[in-house]
Amino acid sequence: RKRRRTDAVEIEDRLESLIIRVGEKSTSSLESNLEGLASVLEADINNYRNKILKILSECAVKMPEKTTIYTTLVGLLNAKNYIFGGEFVDLMARKLKDALKSCMWKTARYVVRFFADLVNCHVISTNSLLQLYHSFLETAQEDNAPQVRSDTYIYAVLSSLPWVGRELYEKKEQDLEKLLKHIEIYVNKRSCKHVAGLRVWRSDSPHPQEEYLDCLWAQICKLRSDNWQEKHIARPYVAFDQVLCEALQHNIPVITPPPHSPDNTYPFPWVVFRLFAYTDCPEGPILPGAHSIERYLIEEHLHNIIKQFHLERKQCASFLLDFPLKQKIPLEYVIVEVVLAEMFHLPASRYLQICYGSLLIELCKLQPATMPQVLAQAVELLFERIDTMNTCCHDRFVSWFAYHLSNFQFKWSWDDWLHAAKLPVDHPRAKFVVEVLQRCMRLSYHDRIAEVVPEQFDCFVPAKPKVIFRYDPDLGGESYVWEILHATIRKMSKHVARLQKDMLDSRDSHRRRRSGAETRRASDESESNSDNSSDEDTARPRPTEEEIERMEEKLETAHTDQKNLFLIIFQRFIMLLSEHLSKCDTERRDYDTHWYRWTVGRLQQIFMQHNNQVERYGKTLNELLFTPDLDSHILDIFNQFMSLRA
Amino acid sequence: SRVEQERCLRYTSTLYIGNLSFHTTEEQLYELFGRAGAIKRIIMGLDKFKKTPCGFCFVEYYTREDAEMCMRYINGTRLDDRIIRSDWDTGFIEGRQYGRG
């Protein structure tokens with residue numbers, strides 16, 4: 001009996017490994033591997049049905065880059081075993097419902113994409129997919145729900161169209177057109193208040209700074225005008241057309257989006273980062289245009305690789321450079337653009353800045369013949385466009401570039417930037433060069449930097465300091481002051497977070513102890529003693545109700561302190577900016593000076609960098625400080641921030 | 001004991017940093033290692049006799065997660081043109097800052 005059970009486990013493990021690894025590099029063709037695997041699975045369906053269903057459904061959402069491989073596999077299985085195909089569709093539908101309920105938007109989006117591609121494999125009927133699309137589109141009609149909610153649903157629909165667009169166009173052109181019309185109406189009526197705060201550059205030249213949904217919509221429109229032909233997605237099911245078109249199709253069960261609840265969180269909108277045009281890339285394959293669907297698909301794929309391997313920078317770099325379609329695109333350029341897009345992402349990057357910094361170093365080490373040049377070109381372009389760069393991004397750029405140089409002996413064509421020495425000190429270019437040099441000195445030492453930069457930069461490299469006043473703005477530069485301010489806010493946030501965690505833990509353990517005491521009375525004493533976790537619990541002193549109350553008070557005080565900290569900071573900003581604006585108004589001067597731009601940028605930075613904490617006090621800030629009588633230039637910054645979740 | 005030491009290494013937020021230049025200062029270390037997370041303290045390794053930096057230090061973070069970030073992203077990169085190495089450490093004890101002369 002036992003023997004049989006271990007055999008079963010072994011077989012399950014083998015099936016799992018076969019399924020997970022299908023599509024990896026192999027000596028035989030993908031098609032023959034898929035055919036072989038489908039036969040193996042078909043033979044085992046009766047004995048290992050649930051296991052196979054579970055593995056396939058997980059692969060479907062966890063390996064989106066292999067969508068078409070798994071849809072083909074499911075298609076082949078459905079052709080052999082119709083009941084199994086139906087069970088798979090039901091399981092995926094349940095997965096989708098759960099994902100929508102628990103706000104797992106990425107999972108939801110990948111299920112929708114998988115469904116879309118299952119239409120191509122004759123597993124799902126076209127009509128039921130269209131029905132699913134329409135039920136998602138209905139979120140656009142809801143009152144009292146935030147725009148980010150319907151955005152999320154509509155993004156899921158739009159981002160699956162590259163997979164199934166051609167099939168719908170051939171079989172249901174009118175329905176497709178109707179669907180697109182609905183989406184168009186939605187896209188056109190959306191509010192764009194949030195966009196200004198999310199842009200890396202204020203200017204649309206040379207590349208328009210498009211909001212993600214607008215951009216994807218434009219890409220889909222371009223795809224439509226190309227009759228839904230795209231050249232990026234590998235479609236293994238085409239080879240099995242004869243087998244698949246014989247199969248019967250299933251309907252996706254009816255899925256209605258669960259209603260909006262105030263506890264739901266939706267992804268922030270974002271602006272698509274564009275750095276390179278095809279003319280920036282030398283000979284070789286051409287960079288797909290900003291509105292070609294290939295650009296979207298390639299970028300999404302690269303972002304997913306970063307997400308999957310961000311904990312292992314060397315592996316991450318080699319997977320990026322081993323991109324499947326590397327022959328067809330200027331790979332180094334797209335990689336650099338994608339990594340910088342994450343680094344400059346607003347309001348905050350997904351990972352630590354140094355994650356991207358160390359990844360770029362690995363990329364340069366792995367591809368020394370091309371990567372450093374492309375990166376240098378990127379830095380030149382960023383520097384050229386720095387005049388209108390968002391202040392958060394300006395800081396990140398300074399910090400990363402100094403770090404990068406410190407790993408490459410501070411070698412840089414500094415002479416190209418000599419003109420910056422002649423600009424006013426608060427001009428963004430001059431500021432950038434000064435701050436980079438100061439950062440370099442912090443990572444290295446004064447003489448080392450003085451040695452590598454041209455003499456003309458002497459005005460930027462301060463005389464060797466004898467006594468260092470760490471916070472003296474003349475020596476450390478004004479950026480130090482901002483670092484200290486942000487560090488202070490972060491400390492406060494950590495303090496609040498810790499108190500909150502302590503309080504919740506204690507409350508939890510108090511509650512558990514009370515219910516635990518009851519169950520223990522009923523259960524065998526020796527059994528509860530042997531339970532390790534309860535041992536650990538009893539080792540800690542049990543919090544009394546009074547103690548918990550004290551903790552709650554402490555937390556409340558901390559929240560008040562935090563609120564006051566933000567109130568004081570914002571009040572100063574408002575005072576300074578209002579004074580400047582009214583003074584310029586009475587003196588009939590242009591208010592839009594470098595000083596003004598930096599100050600507004602710093603105000604924006606507080607909102608962006610600490611968005612989770614500031615959000616909590618949005619209502620108070622609105623009532624006390626950012627009131628309607630305030631100058632609209634200042635008020636706009638606040639409204640941009642508030643519309644991130646609206 | 002060995003078991004205890006292994007347990008310690010699993011939970012520690014202190015790192016031993018090696019292959020530093022003798023000229024690298026504490027300020028530089030804060031600038032670089034602060035990029036992985038909030039630093040609680042840095043202890044410079046000193047020559048037992050001359051009491052001058054001798055190429056290693058301990059960096060203690062407030063949290064284990066931040067120390068992990070350092071292992072991931074700073075270990076094996078350069079500071080003062082040298083490739084520095086980081087390793088888990090069971091925690092600083094007075095006296096361990098003195099390296100061999």
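Note that the structure is predicted; figures quoted are calculated from it, not measured. Labels below follow one simple rule: chain letters A, B, ... track the order of the sequence lines, proteins then strands, and each chain is numbered from 1.
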*Asks:* Around atom OH of A/Tyr445, are there more than 12 heavy atoms from other residues, nucleotides or ligands closer than 6.0 Å?
*Replies:* no
*Asks:* Within residues 343-359 of chain A, which positions have a heavy-atom distance to chain B below 4.5 Å?
*Replies:* A/Leu352, A/Ile354, A/Cys355, A/Ser358
*Asks:* Rounded at 0.5 Å granularity, tell me how far CD in B/Glu27 sits from CG in A/Leu443.
*Replies:* 12.5 Å
*Asks:* Of all the heavy-atom pairs spanning B/Arg72 and A/Arg313, show the shortest one and how long it is.
*Replies:* O-NH1, 2.6 Å
*Asks:* Count the heavy atoms of every other residue, nucleotide or ligand shown that sit under 6.0 Å from NZ of A/Lys365, and state whether that count exceeds 12.
*Replies:*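 Count over threshold, so yes.
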*Asks:* Taking every heavy-atom pair that is under 4.5 Å apart, which of A/Ser406, A/Ala487, A/Ser399 has the most such pairs with chain B?
*Replies:* A/Ser399
*Asks:* Spell out the residues in residues 74-87 of chain B that have some non-hydrogen atom less than 4.5 Å away from a non-hydrogen atom of chain A, in order of number; otherwise answer 'none'.
*Replies:* B/Ile74, B/Asn75, B/Gly76, B/Thr77, B/Arg78, B/Leu79, B/Asp80, B/Asp81
*Asks:* Of the backbone (N, CA, C, O) and the side chain (C-beta and beyond), which part of A/Arg448 lies under 4.5 Å from a heavy atom of chain B, both, or neither?
*Replies:* side chain
*Asks:* Checking A/Lys494 against chain B: side chain, backbone, both or neither under 4.5 Å from a heavy atom?
*Replies:* side chain
*Asks:* Hey, is NZ on B/Lys51 packed in by over 12 heavy atoms from elsewhere, all under 6.0 Å?
*Replies:*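 Yes - once you tally the heavy atoms of other residues, nucleotides and ligands closer than 6.0 Å, there are more than 12.
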*Asks:* Under 4.5 Å between any side-chain heavy atoms of A/His310 and B/Tyr73, yes or no?
*Replies:* yes
*Asks:* Would you check if B/Arg35 and A/Tyr403 make a side-chain contact, meaning some heavy-atom pair closer than 4.5 Å?
*Replies:*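 Counting from C-beta outward, B/Arg35 and A/Tyr403 do come under 4.5 Å.
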